[in-house]
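Predicted model only: the values in this text are computed from it and were never measured.
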Amino acid sequence: MSIVGSVLAVLAFLLAWPVPAALSRFRGDPISKVILWQAVGLSGGLSLIGTALAFAVAPDSRSLPEGLWQLARGESHTTLTVFGWIFLIIAVALIARLLGCLALTFYSARKTRVRHDEILHLLSEPSATYPDTRIITTDEVVAYCLPQGPRKGTAVLSTGLLEVLSEDERTAVIAHERAHLDFRHDVLVIPFAAWHRALPFFSATAIGLNSINGQIELMADDQAREHVDPAILAQAVCEAAGISPEHRSDLSVQRIDRLSRPLDPARIPVRVTSSLVALGLLLVPSLLLFAPIAAGI
């Protein structure tokens, strides 16, 4: 298991820096990118934990399950070296931190949504024109959604934004926000927020979280195309950028560019390829950890 631990350590390093850096520059289909980011996060976590566990049970075990079973039965704990105990403690601490941060992030997100909904009902009025939409009176450009369950939630717009948009542009913006709610894009973000909370010192976690936040905007744009003219939504994004510095970002430029063109017809093959690559990323550490190998490896 020593060589397995070394290979997993190299894989964990690659998934903590060079691979995320390369993936962040990928300008393809957003669904493909989300699939790859999920694989990078899962494979990276598995490799990191697996490295510690592999060194903890080395060199007497042929596989990780065998080594852990022997340890649980009390057959090998007396032979563990000081370094073995250190690696075992590191592995347990990593597992506890990752799972704890995931649970805490889910809880915090739910608590924040409930509190936000209470404040929103105090500071806004329901729209008389658009269903499941509330209007905030402010000159700032505000457009977001507040999830409240499967395919449920509220779109929130400001009077400042509504004043500069035409009727068709308002409908397009709401269609974009409804896409976030219908497909629960907030759920996609939570694991990456938990990943970053657990391991903030890894650049991959910040890169991944920022990337996923951007990809869900592109995904909502693509899904809104089914209900509105993408050129009108692009114009709405341009109008918002024109009156709010916060909306003059590279993401806004990318959104306007993508909405100004038809969807790439090659996106389906790209998604299939990305899914196969993601599967490979997950299989490599899994096979290294769970496939029986010669003792001492």
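- Looking only at distances, a side-chain donor or acceptor of Thr171 sits under 3.5 Å from a matching main-chain atom of Glu167.
- Residues Asp168 and Arg170 are not paired through a salt bridge, judged by the lack of any N-O separation under 4.0 Å between the basic side chain and the carboxylate.
- A distance of 7.0 Å separates CG in Leu94 from CG in Leu199, rounded to the nearest 0.5 Å.
- Between Pro30 and Met219, some side-chain heavy-atom pair lies under the 4.5 Å cut-off.
- In this model, a donor atom of one side chain and an acceptor atom of the other lie less than 3.5 Å apart for Gln148 and Asp117.
- A donor-acceptor contact shorter than 3.5 Å is absent between the side chain of Ser32 and the backbone of Ser274.
- Within the 4.5 Å cutoff, no side-chain heavy atoms of His180 are placed close to those of Gln223.
- Here the side chains of Leu165 and Leu157 are not in contact, with every heavy-atom distance at 4.5 Å or above.
- Both Phe201 and Ile95 belong to a single network of hydrophobic side chains, linked directly or stepwise wherever heavy atoms of I, L, V, M, F, W or Y lie under 4.5 Å apart.
- Around the OH atom of Tyr144, the shell of radius 6.0 Å holds more than 12 heavy atoms that belong to other residues, nucleotides or ligands.
- Transitive grouping of hydrophobic side chains (ILVMFWY, heavy atoms separated by less than 4.5 Å) keeps Ile31 and Ile268 in distinct clusters.
- Within the 3.5 Å criterion, the main-chain N or O of Pro285 finds no donor-acceptor partner in the side chain of Ser47.
- A donor-acceptor pair under 3.5 Å is absent between the side-chain atoms of Ser24 and the main chain of Ala22, judged by distance alone.
- The minimum heavy-atom distance between Pro269 and Pro265, with the atom names listed, is CD-O, 4.3 Å.
- No side-chain heavy atom of Thr133 sits less than 4.5 Å from a side-chain heavy atom of Thr154.
- Residues Leu15 and Val7 are members of one and the same hydrophobic cluster, defined by side-chain heavy-atom contacts under 4.5 angstrom among Ile, Leu, Val, Met, Phe, Trp and Tyr.
- Judged by distance alone, with hydrogens and angles left aside, the side-chain atoms of Arg178 form a donor-acceptor pair with the main-chain N or O of Gly153 at under 3.5 Å.
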- Task: Step by step, work out the side-chain contact (heavy atoms from CB on, under 4.5 Å) result for Leu46 and Ser286.
- Result: CA-CA 8 Å; Leu46 188 59; Ser286 300; 3.5 Å; yes
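- When every heavy atom of Ala224 is checked against every heavy atom of Leu233, the shortest pair comes out as CB-CD2, 4.1 Å.
- Residue His176 comes nearest to Ala220 through the heavy atom pair CE1-CB, 3.4 Å, listed as atom of the first residue, atom of the second, then distance.
- Looking at Thr159, its side chain does come within 3.5 Å of a backbone N or O of Thr138 through a donor-acceptor pair.
- Looking only at side-chain heavy atoms (C-beta outward), Leu48 and Phe202 come within less than 4.5 Å of each other.
- The environment of OH in Tyr107 is sparse: at most 12 heavy-atom neighbours from other residues, nucleotides or ligands sit within 6.0 Å.
- Residue Glu118 holds its CD atom at 8.0 Å from CG of Leu122, rounded to the nearest 0.5 Å.
- Under the 3.5 Å distance criterion, with hydrogens and angles disregarded, no donor-acceptor pair is assigned to the side chains of Glu217 and His185.
- No more than 12 heavy atoms of other residues, nucleotides or ligands shown are found within 6.0 angstrom of CG on Asp139.
- Paired with Arg255 under the rule salt bridge (charged side-chain N to carboxylate O under 4.0 Å, His left out), one option of Asp222, Asp221, Asp250 passes, and it is Asp221.
- At least one side-chain heavy atom of Asn213 sits less than 4.5 Å from a side-chain heavy atom of Val189.
- The side-chain heavy atoms of Ile207 and Trp37, taken from C-beta on, include a pair separated by under 4.5 Å.
- The SG atom of Cys101 sits 13.5 Å away from atom CD1 of Ile190, with the distance rounded to the nearest 0.5 Å.
- Rounded to the nearest 0.5 angstrom, Leu36 CG and Phe26 CZ are separated by 6.5 Å.
- What you find for Leu161 and Ala240 is that their closest heavy atoms are CD1-CB, 4.2 Å.
- Within the 3.5 Å criterion, the main-chain N or O of Gly242 finds a donor-acceptor partner in the side chain of Arg248.
- The aromatic rings of Phe13 and Trp17 sit tilted, their planes meeting at an angle between 30° and 60°.
- The heavy-atom pair separating Arg267 from Asp29 by the smallest distance is CB-OD1, 4.0 Å.
- To the nearest 0.5 Å, atoms CG (Leu42) and CG (Leu282) are separated by 5.5 Å.
- Ile49 and Ile3 end up in the same hydrophobic cluster when Ile, Leu, Val, Met, Phe, Trp and Tyr side chains are linked at under 4.5 Å.
- Salt bridge annotation for Arg261-Asp257: present, with a cationic side-chain nitrogen under 4.0 angstrom from a carboxylate oxygen.
- At a threshold of 4.5 Å between side-chain heavy atoms, the hydrophobic network of Ile, Leu, Val, Met, Phe, Trp and Tyr places Ile135 and Leu146 in two separate groups.
- Atom CD1 of Ile216 and atom CZ of Arg184 lie 11.5 Å apart (nearest 0.5 Å).
- Arg97 places a side-chain N or O within 3.5 Å of a backbone atom of Ala198 that can act as its donor or acceptor partner.
- The side-chain heavy atoms of Leu251 and Leu218, taken from C-beta on, include a pair separated by under 4.5 Å.
- Of all heavy-atom pairs between Leu188 and Gln38, the closest is CD2-NE2, 3.6 Å.
- In this structure, Ser124 contributes its side chain and Leu120 its backbone to a donor-acceptor pair below 3.5 Å.
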